[in-house]
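Here is the structure we will look at, set down as structure tokens.
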Amino acid sequence: MGVLMGLITGFFFGIVLQRGRLCFNSAMRDLRLFKDNYLWKAVVLAIALETIAFHFMASMGWITLTPKPFMPVGNIIGGLLFGFGMVLAGGCASGVTYRSGEGMTTAWIAAIFYGLFATASKVGFLKGFVKWLQGPAFKVEASSVSNMYTSGKVGPTVATIFHINPWIPALIFAALLLWYVFGTKTSQRGGKGFNWYTTAILVTFVAMFGYWTRGTFGDKFYTLGITGGWKNIYSTFTGKHLEWEGAEVLGIIIGAFIAAVASKEFKLRMPRNPITYVQVMVGGVFMGIGASVAGGCNIGHFLSGVPHLSLGSLLATLFFILGNWLMAYWLFGKKVRG
Amino acid sequence: MADVKVDKTLDVRGEVCPVPDVETRRALKDMEPGQVLEVLIDYPLSKERIPANVEKEGHEVLTIEETGPSEWRILIRKK
């Protein structure tokens, strides 16, 4: 049941990612490189809506919130590595996953190496090195602050640090994001994809469905993720079972494939210069190690973790953005500015 | 739009994100005002982002033509 629910969640997520062209690498990078905030607005609106939705679902008792641990060293170092990696790979964790379904061969290579090195960081030859880079991890007993949190130790959030009702920071945070989204000018974009707010609303529904199904039928109360899913898929080769998150990643590829075929956007795309394959491979390696050191990728930390107001997710996200901007500047900055 | 004279062609099919966008900008920078750039592209995100961004810069998008399965030809006149 968990596997089926993961597959369904991923299937719809894949459709939304493909039709919305929702790539976090582009969202962050375009903001600075092209002064274009179109995809960034989709991400910020989705996070505002998810913040309210997750807290509401937890208040109703449908889910319990499980913020990721706070790893100051790992969140920073891993965040930077992941940020560098996604620019080299030409897509974030979800970007290379959904574009694999669109027929982009560079995304296949990036995704394969990303998954391989994420797996090696957890169970393989990189395990010790990654653990060392990660530094200490902090967790707190959050269920004493609010019964909205999963019992036992979870990562600290703004609410658990200040011992306040989680709704207070959640509403302030969501209001600030909404003020930014609707109070500032949004870049224009034509074409036949979903527009930015449709994408954000649909992502929120997928994340809500994901949180509920993963907690109820799957491995734990959390929502969308990519890195753990790829690790799960690789571990099935060594006899492990496919779980919710691995099925979700497979679902994304299938959903994106069907959406791309239906909208006549499926094509096997190959760059003319084979060096590009080496670049995306290196990018995938950086992403795999970076996400493991940081404890999550742009979906696990950014899209899913930030709505919890988890300190670890907030810090990792900040360094995803910094890493992305730095690498984009090194690779493309001169060409754009001339 | 077969009557438009193309001054330069940029084939960025198969390139990773955001190479098509960056190369389009660079090509426009090196051209003379009034000249026409032809961009051949197969990546949906860039096919939508390039016209929006070049128009913001003041250039004119003459046509976006579907030339094959997930392949487009964009004609841009430099301002």
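Residue numbers begin at 1 in each chain, while the letters A, B, ... track the order of the sequences. On a predicted model such as this, the values are computed, not experimentally measured, just so you know. The analysis underlying the following values was restricted to heavy atoms, covering all of them including side chains, and did not include hydrogens, waters or symmetry mates.
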Between Lys35(A), Gln279(A), Lys264(A), Met270(A), which has the largest tally of heavy atom pairs under 4.5 Å with chain B? Met270(A)
Examine whether an atom of Asp30(B) lies under 4.5 Å from a heavy atom of chain A, and if so say whether it belongs to the side chain, the backbone or both; otherwise answer neither. neither
Shortest non-hydrogen contact from Phe266(A) toward Ser70(B): O-CB, 4.3 Å
Give the minimum heavy-atom separation between Phe34(A) and Val22(B), together with the two atoms involved. CZ-CG2, 4.1 Å
So that I can tick it off, tell me whether Lys192(A) and Glu48(B) are bridged by a salt bridge, with the cut-off set at under 4.0 angstrom between side-chain N and carboxylate O. no
Structural part of Glu55(B) lying under 4.5 Å from a heavy atom of chain A: neither
Asn273(A) CG to Glu15(B) CD distance, which is reported to the nearest 0.5 Å: 7.5 Å
Around atom OH of Tyr277(A), are there more than 12 heavy atoms of other residues, nucleotides or ligands at under 6.0 Å? yes
Does Phe12(A) have more than 12 heavy atoms from other residues, nucleotides or ligands lying within 6.0 Å of its CZ? no
Report, as yes or no, whether the 6.0 Å neighbourhood of atom NZ on Lys185(A) holds more than 12 heavy atoms from other residues, nucleotides or ligands. no
Quick check on the interface: out of Asp30(A), Leu268(A), Val87(A), who has the most heavy-atom pairs with chain B under 4.5 Å? Asp30(A)
Smallest heavy-atom separation, Asp42(B) atom then Arg269(A) atom, equals O-NE, 2.5 Å
Pick from Gly68(B), Pro44(B), Ala52(B), Pro69(B) with the largest number of heavy-atom pairs that fall under 4.5 Å of chain A: Pro44(B)
Option that, when pairs with chain A are counted at under 4.5 Å, heavy atom only, ranks first among Val12(B), Val16(B), Val19(B): Val16(B)
Does Tyr180(A) have more than 12 heavy atoms from other residues, nucleotides or ligands lying within 6.0 Å of its OH? yes
Check whether any side-chain heavy atom of Cys17(B) lies under 4.5 Å from a side-chain heavy atom of Ser26(A), and answer yes or no. yes
Chain B contacts, top residue of Arg99(A), Glu102(A), Gln18(A) (heavy-atom pairs, under 4.5 Å): Arg99(A)
Considering only heavy atoms, which portion of Pro51(B) lies under 4.5 Å from any heavy atom of chain A: side chain, backbone, both, or neither? neither
Looking only at atom types and distance, does a side-chain atom of Lys56(B) sit under 3.5 Å from a main-chain N or O of Ser187(A), one as donor and one as acceptor? no
From CH2 (Trp72(B)) to CD (Glu265(A)), nearest 0.5 Å: 5.0 Å
I need the minimum non-hydrogen distance between Arg25(B) and Val336(A), along with the two atoms involved. NH1-CG1, 3.8 Å
Select one option (side chain, backbone, both, neither) describing which atoms of Tyr38(A) are under 4.5 Å from chain B's heavy atoms. neither
Between Arg49(B) and Asp36(A) (salt bridge meaning N to carboxylate O under 4.0 Å), is one present in this structure? no
Segment of Gln188(A) engaging chain B (4.5 angstrom heavy-atom cut-off): backbone
Euclidean distance, Leu33(A) CG relative to Asp21(B) CG, rounded to 0.5 Å: 8.5 Å
Are side-chain heavy atoms of Leu45(B) and Leu39(A) found at a separation under 4.5 Å? yes
Of the backbone (N, CA, C, O) and the side chain (C-beta and beyond), which part of Glu23(B) lies under 4.5 Å from a heavy atom of chain A, both, or neither? side chain
Between Arg13(B) and Arg272(A), is any pair of side-chain heavy atoms under 4.5 Å apart? no
